[in-house]
Amino acid sequence: MADYTNLEKVRLEKLNRLREQGIEAYPRRVERTHSIQEAVEAFLAQEEDPEAPEIQAVLAGRIRSVRPMGKVIFAHIEDGSGRIQLFFRANDIGVEQLDFFNQYFDLGDFIQASGKIFRTRSGEISLAVSSYRMLAKAITPLPAAKESVVDGEVVSHATLSDPETRYRQRYADLAVNPDVRRIFQLRFNTIRSIRHFMDSRGFLEVETPILQPIYGGAAAQPFTTYHNQLKQELYLRISFELYLKRLLVGGFDKVYEIGRDFRNEGVSYKHNPEFTQMEFYWAYADYRAVMDFTEEMLAYVVEEVLGEKRFTYKGQEIRLDQPWARIELRQGLIDETGIDIQEHLTAEELAAAMKDLDMEVDPGASRGKLIDDMLGHYLEPTFIQPTFVYDYPREISPLAKTKPDDPDTVERFEGFMGGMELCNAFTEINDPLDQEERFLEMGRSYSSEEDEHHPLDEDYLRAMRYGMPPNGGFGMGVDRLVMLLADQPTIREVLLFPHLRESGE
RNA sequence: GGGCGUGUAGCUCAAUGGUAGAGCAGUGGCCUUUUAAGCCAUUGGUUGGGGGUUCGAGUCCCUCCACGCUCACCA
């Protein structure tokens, strides 16, 4: 067990003394009659009605502040619904009970308190305590120096702010920083409203394997694992795509999944090794329909979560109450960089044109990669307002159908907001022969030894050979959407337990 | 992986190379409507780890660890 700090030793000693007196510091049963919010609401109703009886309540919560004043004590307790002041008075409970509280109760302890709801002279709704008992003794003090309520707002003074401790001990961060709790409330509201929108549009929520014998659907490095009894190498999925599209073959027309993807790559303010993705596949739709649908979905979600179709991210107002900008990738690059990718049909030519403009060029990159680099560098940061960029190079889009009149360009779009890529969609390939060829173009092989990083998913092709309806597919980084809605600059702030290195403690 | 920066009490932060401090929390006392309650007293440190320079290192140097920002990477 850990070494205890002096502060912890003091509390352990209090715990021991309670136990010596036969007092259970962690009782099994609680007699709570109201949440704090319910008690406050009941009291407000009683105040409106002169005939109404007084509100007697048994409340439970964590002690967040204590102000002992001789023969009276004020304290605030907090439960999941809110906080309320406790008022202990020697006249009501006796000096002995008052002293007992002072001796054995600390900030962070959970307490049950019974009594009548009333207003103090200063007008604060409070519980006049007639009896109380310990529900859970806290050994480690919460990392907050002090809290107060100013104009109804909880103000924390010198609260926990070290990011490392906040992420490693998220429980303490959440316990002490109400704003952090709000971010996660918003996160889960966001996911719920995505779900609600998809359900209302007739999509079926499904679950597909996270442990996969062959990974695919994206260009990321996977995490590998191993099933001992089956003696089988497995991968954590990098996308849901190939499994969800198998379901279209099976006869489900509209499916979606919200879940975790895992990518064994760099960590940044917008990348975490595991992240939440929403993907849907929609039979008989194409990327134009998906684009319209995306616009509707995000306007709906933003309004559901924030109450209006606009919000502020990094000081800039982002509006979803108007149509998204729609920019053809080729035209966008012409406008921003002056380079027309149609005039540079090989990687060498394009790289030369880029170098002429003093752009950094990744040596050995394919033409598609160079185009994507330019998009990421010169266009993406400028897309603050919701923007669709459409029609991408074939060679970086192996699952997307080409345009009818242009075999080198595919029907694909990405959605941007706040200078970040948010989603990615295309008219999906449903021609098994075309798909096989595209896989082979990407360097995937039937022999896993040749290129074990990009194994060819033969079962997926088999599924497609049974007949897959034309369809449009879509994937969105849910964490990034939450970053936008919560106005948070890093993905870590919207992940409950973001990845950190081992601390070695 | 590169560059820059940070790491001091439970929390938030000070400290020209010269005795490691403050506020809050904690502990003891006073105080019967407070709300960062107040007043008096007081405990608390291997200055992230290791090594070096120096009469003397929180401070300068080396190294390791963690975190942050940034660049690179990232269909």
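Order of the sequence lines fixes the chain letters, A, B, ..., with proteins taken first and strands second; residue numbering starts at 1 for each chain. All values derive from a computational prediction rather than experimental measurement.
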- Query: Does any donor atom in the side chain of A/T208 or A/E257 lie under 3.5 Å from an acceptor atom in the other side chain?
  - Reply: yes
- Flag for A/N91-A/K71: side-chain donor and acceptor within less than 3.5 Å: no
OP1 or OP2 of [N] less than 4.0 angstrom from a side-chain nitrogen or oxygen of [X], does that happen here?
X      : N      : value
A/K14  : B/rU27 : yes
A/S161 : B/rU12 : yes
A/R492 : B/rG68 : yes
A/R67  : B/rU34 : no
A/R501 : B/rC67 : yes
A/H377 : B/rC74 : no
A/R168 : B/rC67 : yes

Rounded to whole Å, please give me the gap between [atom1] in [X] and [atom2] in [N].
X      : N      : atom1 : atom2 : result
A/K137 : B/rG26 : NZ    : P     : 10 Å
A/D162 : B/rU8  : CG    : C1'   : 13 Å
A/D391 : B/rA75 : CG    : C1'   : 16 Å
A/I93  : B/rU32 : CD1   : P     : 14 Å
A/E8   : B/rG44 : CD    : P     : 17 Å
A/E265 : B/rG1  : CD    : P     : 16 Å

Touch check for [X], heavy atoms < 4.0 angstrom, all strands: base, sugar-phosphate only, or nothing?
X      : answer
A/S397 : nothing
A/N91  : base
A/F87  : base
A/T490 : sugar-phosphate

What's the gap between [N] and [M] when it is taken at their [atom1] atoms, as a whole Å value?
N      : M      : atom1 : answer
B/rG10 : B/rA72 : C1'   : 39 Å
B/rU32 : B/rU46 : P     : 40 Å
B/rU8  : B/rC4  : C1'   : 22 Å
B/rA15 : B/rG21 : P     : 14 Å
B/rG50 : B/rC55 : C1'   : 24 Å
B/rA36 : B/rA25 : P     : 12 Å

- Nucleotide nearest A/P398 when distance is taken to its side chain, options B/rC11, B/rU34, B/rA75: B/rA75
- Message: Pick the closest RNA chain B nucleotide for A/S126 and for A/E421 by heavy atoms, then say which residue is nearer the 5' end.
- Response: A/S126
- Message: By nearest heavy atom, map A/K71 and A/E360 onto RNA chain B; which one lands nearer the 5' end?
- Response: A/K71
- In sequence, state the C-alpha distance, the side-chain angles, and the governing distance for A/D106 and A/K137, and then conclude on salt bridge (Lys or Arg N to Asp or Glu O under 4.0 Å). CA-CA 8 Å; A/D106 290 296; A/K137 183 73 192 157; 2.6 Å; yes
- Item | Spatial distance of atom NZ (A/K245) from atom CD (A/E428) [nearest 0.5 Å] | 3.5 Å
- Message: Would you say CZ of A/R288 has more than 12 non-hydrogen atoms from neighbouring residues, nucleotides or ligands within 6.0 angstrom?
- Response: no
- Is A/E78 paired with A/R64 through a side-chain N to carboxylate O contact shorter than 4.0 Å? yes
